[in-house]
Amino acid sequence: MSGSLPGAMASVCDICGKTPGFGNKISHSHRRSRRRWNPNVQKIRIVVNGSPKRMSVCTKCIKANKVSKAG
């Protein structure tokens, strides 16, 4: 374990390239700490060049029919 958190992964859409957004978490007393907004990325099987492949795709691409699901 090279210092990474369990469950921490690169949440990047393989279709549109959407990445996390970064900003500040602000408490009631207005203390700031860094946070990130991850895109809703799902691992689904899609058809790529006629063969099924498992890829990370954001839900906006799934809703917009940019991918065709396998099976």
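Hydrogens, waters and symmetry mates play no part in the numbers below; they use all other heavy atoms, side chains included. Every value quoted in this text rests on a predicted model; they were computed, and no experiment measured them.
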Inset, instruction - Taking the side chain as every heavy atom from C-beta outward, state whether R35 and F22 have any atom pair closer than 4.5 Å. - result: no

Legend entry - Pairing residues for S33 by the side-chain contact (heavy atoms from CB on, under 4.5 Å) criterion, not counting sequence neighbours: K25

Legend entry - N/O donor-acceptor pair under 3.5 Å between S68 side chain and N65 backbone: no

Legend entry - Closest heavy-atom pair and its distance - C16, C13: N-SG, 3.5 Å

Inset, instruction - Taking all non-hydrogen atoms of both residues into account, name the closest pair between K43 and R54 and its distance. - result: O-NH1, 4.2 Å

Inset, instruction - Using a 4.5 Å cut-off on heavy atoms from C-beta on, say whether the side chain of S11 contacts that of R36. - result: yes

Legend entry - Test side-chain contact (heavy atoms from CB on, under 4.5 Å) applied to I26 - qualifying residues, sequence neighbours left out: N24, H30, R32

Inset, instruction - List in chain and number order the residues that pass side-chain contact (heavy atoms from CB on, under 4.5 Å) with A70, two or more places apart in sequence or in another chain; answer none if no residue qualifies. - result: R45, V47, P52

Inset, instruction - For atom CZ of R34, decide whether the heavy atoms of other residues, nucleotides or ligands shown that lie under 6.0 angstrom number more than 12. - result: yes

Inset, instruction - Evaluate the side-chain proximity of M55 to V48: yes if any heavy-atom separation is below 4.5 Å, no if none is. - result: yes

Inset, instruction - State the NZ-CD1 distance between K66 and I15, to the nearest 0.5 angstrom. - result: 9.0 Å

Legend entry - Distance (rounded to the nearest 0.5 Å) between N40 CG and I62 CD1: 8.0 Å

Inset, instruction - Heavy atoms only: give me the nearest V41-S56 pair and the separation to one decimal. - result: CG1-CB, 3.4 Å

Legend entry - From N38 atom CG to C58 atom SG, the distance as rounded to the nearest 0.5 Å: 12.5 Å

